[in-house]
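Every chain is numbered from 1 and lettered A, B, ... according to where its sequence line falls, protein lines coming before strand lines.
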Amino acid sequence: MATSPKPARPSSQPRRAAVIGGNRIPFARQNGAYARATNQDMLTAAIEGLVARHGLAGEQVGEVAAGAVLKHSRDFNLTRESVLGSSLSARTPAYDVQQACGTGLEAAILVGNKIALGQIDSGIAGGTDTASDAPIAVNEGLRETLLTLNRAKTPGQRAKALTHLRPGQLVPEIPRNVEPRTGLSMGEHMAQTAKQWGITREAQDEIAAASHQNLAAAYERGFFDDLVTPFLGQTRDQNLRADSTVEKLAKLTPVFGRGEGATMTAGNSTPLTDGASAVLLGSDEWAAEHGLPVLAHLVDAQTAAVDYVTGNEGLLMAPAYALPHLLERQGMKLQDFDLVEIHEAFAATVLTTLAAWESEEFCRDRLGLDAPIGVLDRSKLNVNGSSLAAGHPFAATGGRIVASLAKMLHEKGSGSRGLISICAAGGQGVMAILEAA
Amino acid sequence: MAGTYAGIVNSAVGAKLAAQLGLPRPARLRRYAVGAPLIEGPVLVGGLGEAPVAERVGDLLKLEGVDTVTEVAAGERVAAVVADLTEAAVLGELDALRALVAPALKGLRSSGRIIIVGRNPKGANGFAQAATRRALEGITRSIGKELRAGATANLVLVDDGADANVDAAVRFLLSGRAAYVDGQVIRVGAGTPAEPADWAKPLAGKVAVVTGAARGIGASIADVLARDGATVVCVDIPAAGDSLARTANRVGGTAFQLDVTAADAGQRILDHATSRHGGLDIVVHNAGITRDKLLANMDEGRWASVLDVNLGSILRMNEVLLADGGVRDGGHVVLVSSIAGIAGNRGQTNYGASKAGVIGLVDALSADAALVARGITVNAVAPGFIETEMTAKVPFATREVGRLLNSLSQGGLPVDVAETIAWFSQDANAGVTGNVLRVCGQSLLGA
Ligand SMILES: NC(=O)c1ccc[n+]([C@@H]2O[C@H](COP(=O)([O-])OP(=O)(O)OC[C@H]3O[C@@H](n4cnc5c(N)ncnc54)[C@H](O)[C@@H]3O)[C@@H](O)[C@H]2O)c1
């Protein structure tokens with residue numbers, strides 16, 4: 001049933017890209033249910049579920065953009081390979097995107113912008129990550145020896161190259177969640193920022209408990225019935241603890257930061273996770289032609305980055321800087337949003353971001369604003385849970401949030417608006433605004 | 001998919017042993033493939049008196065390029081016999097059937113067909129005619145047990161004035177679609193059949209919903225409906241979503257993760273079909289579960305869940321699906337009963353209740369004046385032993401008995417059930433409603 005779509009008509013007037021639906025596989029803990037699944041397996045599964053839900057088998061969509069943060073070198077064409085392994089038409093183009101934890105949301109923005117410009121009429125944005133099937137590289141010394149060996153032309157040169165082999169070179173390089181320029185893990189960076197902002201352990205544990213309870217309630221209510229497709233026997237997120245409470249979380253010992261002031265535990269930090277997600281975007285016309293209801297529109301997006309290397313700003317504070325641009329462009333206040341999704345890299349990330357927006361000093365000195373952005377009504381925040389409960393397969397988180405938020409806004413009613421905030425390694429942040437159709 | 005028993009008796013050593021012991025050896029059944037001829041080989045067509053239906057069938061076969069003969073020449077092997085006994089009124093006339101069919105049996109080709117056509121005893125004029133008409137059923141079922149090599153015998157009862165509606169039934173029974181339908185009675189009544197433009201795509205342009213489509217019989221129903229041209233909405237519980245997605249993508253349909261016991265399931269299915277595909281023509285209520293226990297040990301949970309999934313949910317969904325604005329006029333509803341709903345089964349009071357209830361529901365819906373006026377047909381299949389994950393859970397010995405206790409000496413395949421359902425879903429078959437057709441290889445259970 002391969003259908004060849006009409007070529008998209010570029011227009012001088014941008015149109016709004018529609019978020020039509022989403023799909024993800026349940027997220028699994030590192031070395032858990034998906035220990036043996038590859039990024040390609042998971043991304044393909046996420047796309048397959050999306051295709052099935054929207055009846056797109058054999059269809060050629062405009063483009064698929066997706067990526068992974070932890071990536072094998074063999075996966076240089078990960079997204080295209082996943083498309084070829086899916087039920088989409090083999091004539092669907094695809095490319096890889098990589099912006100650390102911002103990958104999934106950035107991919108949605110890229111696809112949305114092409115739709116807005118009329119360059120494509122439909123597209124799929126996604127992301128996948130596995131912390132289990134991690135790309136292990138050979139030791140740098142061994143790599144150099146092997147390359148020399150490969151270049152050698154004579155037996156003599158080959159023998160010489162081999163004399164450089166050392167037993168220590170057999171120790172593989174395992175990717176670590178560490179900032180190359182500071183040598184600090186993301187958790188250690190976050191611990192510094194949390195301390196600076198005086199974020200308490202209790203406040204973090206409250207965020208974590210709420211994340212689990214809200215996500216569990218959303219599953220119970222069937223909210224994810226058209227957002228999640230089971231994979232390898234897993235039907236819900238493996239990290240989810242429906243019975244999580246502040247009291248239970250209070251018993252855990254801190255893992256990041258040192259001594260008395262350490263507040264960050266395995267309970268209020270996201271665990272390493274495996275998973276994948278995909279979002280279907282399109283023009284309103286394309287959606288209508290396919291009989292697909294539109295959930296929301298992508299209204300605007302903004303990225304930002306901070307200088308965390310010199311210690312001038314916290315590693316995960318970039319979203320705080322992105323927001324004022326969005327608010328100004330849209331003529332909005334933070335309080336105008338009906339729903340806000342702040343990715344829970346750590347509970348402390350959410351709390352420092354909110355604290356920064358409430359701080360007169362920060363808003364004046366760092367953001368150059370006359371008045372603070374102000375307080376966010378917490379009842380609008382991460383209402384169906386977020387990464388602390390679901391887990392955070394880096395590149396898959398953006399797609400999870402876009403699809404869930406689009407559905408939540410749709411349930412709230414036409415015109416309601418939602419904000420997405422995702423922090424990323426390298427001191428970056430990605431934000432987007434959705435509006436219910 | 002041959003069962004263990006079939007595998008053994010058809011192996012080189014097993015075959016010899018089986019022959020010595022006189023054990024039945026299951027034949028490889030002729031099954032439908034797109035483009036296959038209706039039937040290969042000449043068909044003997046005849047009957048009693050004017051034999052009006054035989055004449056119709058002769059024309060149909062000519063159209064399909066199938067040779068017909070009026071008697072079996074010495075040494076000739078026919079592929080099927082169509083015997084029109086619609087005019088039988090007194091017992092003596094039944095001998096015409098014997099005289100026609102008997103010479104064809106010895107040389108009947110493998111997966112051959114005996115189709116006997118009669119009139120419904122309920123419409124008989126007088127005691128003798130009623131008895132004579134009903135006698136055809138006994139003859140058919142007995143022939144079914146006499147046949148070998150995958151051949152089947154079935155009876156088609158045509159209402160007075162409905163002769164024009166018999167074509168779809170004859171086509172079905174002759175073809176490989178009816179491979180596992182044996183020893184059964186099909187009643188053809190009034191209705192306005194519409195011939196498809198292409199008999200290879202009898203469901204072209206139709207929108208169908210199949211519940212329980214993730215695996216087993218449901219997945220096969222989705223395959224066959226799509227093969228026959230329908231757009232298929234595949235429904236199953238969210239926990240079965242990955243296999244459901246595979247079904248949907250294979251058939252180019254949509255996957256709809258939904259528990260059919262949800263209060264709003266009917267409305268959601270209708271909304272989905274209407275918004276995505278512009279309407280709904282075919283509903284197949286296939287989702288079903290077993291929770292076996294002897295009644296003595298049956299708890300309320302097992303009792304209630306089986307009744308609700310297998311029957312309660314159908315009643316609730318139908319309130320929306322069969323109301324005005326639901327299934328389009330001329331649409332088709334197919335339910336899935338079971339031999340257990342006819343014969344009962346030890347440890348299956350709950351399941352037997354639900355599947356007998358399905359039959360009651362088909363009786364009532366097919367007689368409903370509003371649905372009849374809208375031309376909506378309602379039928380059920382009652383599968384016998386079908387090789388699926390559901391029956392794979394049955395203990396080994398019981399399973400082997402289930403496979404063998406039928407005239408074809410083998411279990412059926414999901415596709416056999418699916419073919420019958422697809423046939424019930426044809427507009428060409430508008431004359432068939434209120435039927436509960438067993439797809440059981442003429443199982444001895446409940447026969
Ligand atoms: N296999 C046999 O021999 C046999 C015989 C007689 C009747 N049947 C009937 O055929 C039908 C299909 O049986 P099967 O053998 O394929 O079984 P199966 O267990 O392989 O498949 C049944 C499907 O229905 C789905 N389902 C169950 N509860 C559901 C719910 N609440 N909502 C949505 N989907 C639900 C299941 O997830 C599963 O995918 C059933 O109605 C069964 O009773 C089967």
Give, for atom [atom1] of [X] and atom [atom2] of [Y], the distance between the pair rounded to the nearest 0.5 Å.
X         : Y         : atom1 : atom2 : result
Asp226(A) : His272(B) : CG    : NE2   : 10.5 Å
Arg53(A)  : Leu244(B) : CZ    : CG    : 9.5 Å
Gln257(B) : Leu227(A) : CD    : CG    : 9.5 Å
Asn249(B) : Glu48(A)  : CG    : CD    : 4.5 Å
Asp225(A) : Arg268(B) : CG    : CZ    : 6.5 Å

Original post:
Between His277(B), Arg246(B), Arg276(B), Arg250(B), which residue shows the highest count of heavy-atom pairs closer than 4.5 Å to chain A?
Top reply: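 Option with the greatest count: Arg276(B).
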Original post:
Under a 4.5 Å heavy-atom cut-off, does chain B meet the side chain of Ile25(A), its backbone, both or neither?
Top reply: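 The answer is neither part of Ile25(A).
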For the residue pair [X] and [Y], what are the closest heavy atoms and their distance?
X         : Y         : result
Ala52(A)  : Ala248(B) : CB-CB, 4.0 Å
Pro238(B) : Pro230(A) : O-CG, 3.2 Å
Ala245(B) : Gly49(A)  : CB-CA, 4.3 Å

**OP:** Quick one: which of Thr229(A), Asn23(A), Thr235(A) has the most heavy-atom pairs under 4.5 Å with chain B, could you say?
**Re:**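 Ranked by heavy-atom pairs under 4.5 Å with chain B, first place is Thr229(A).
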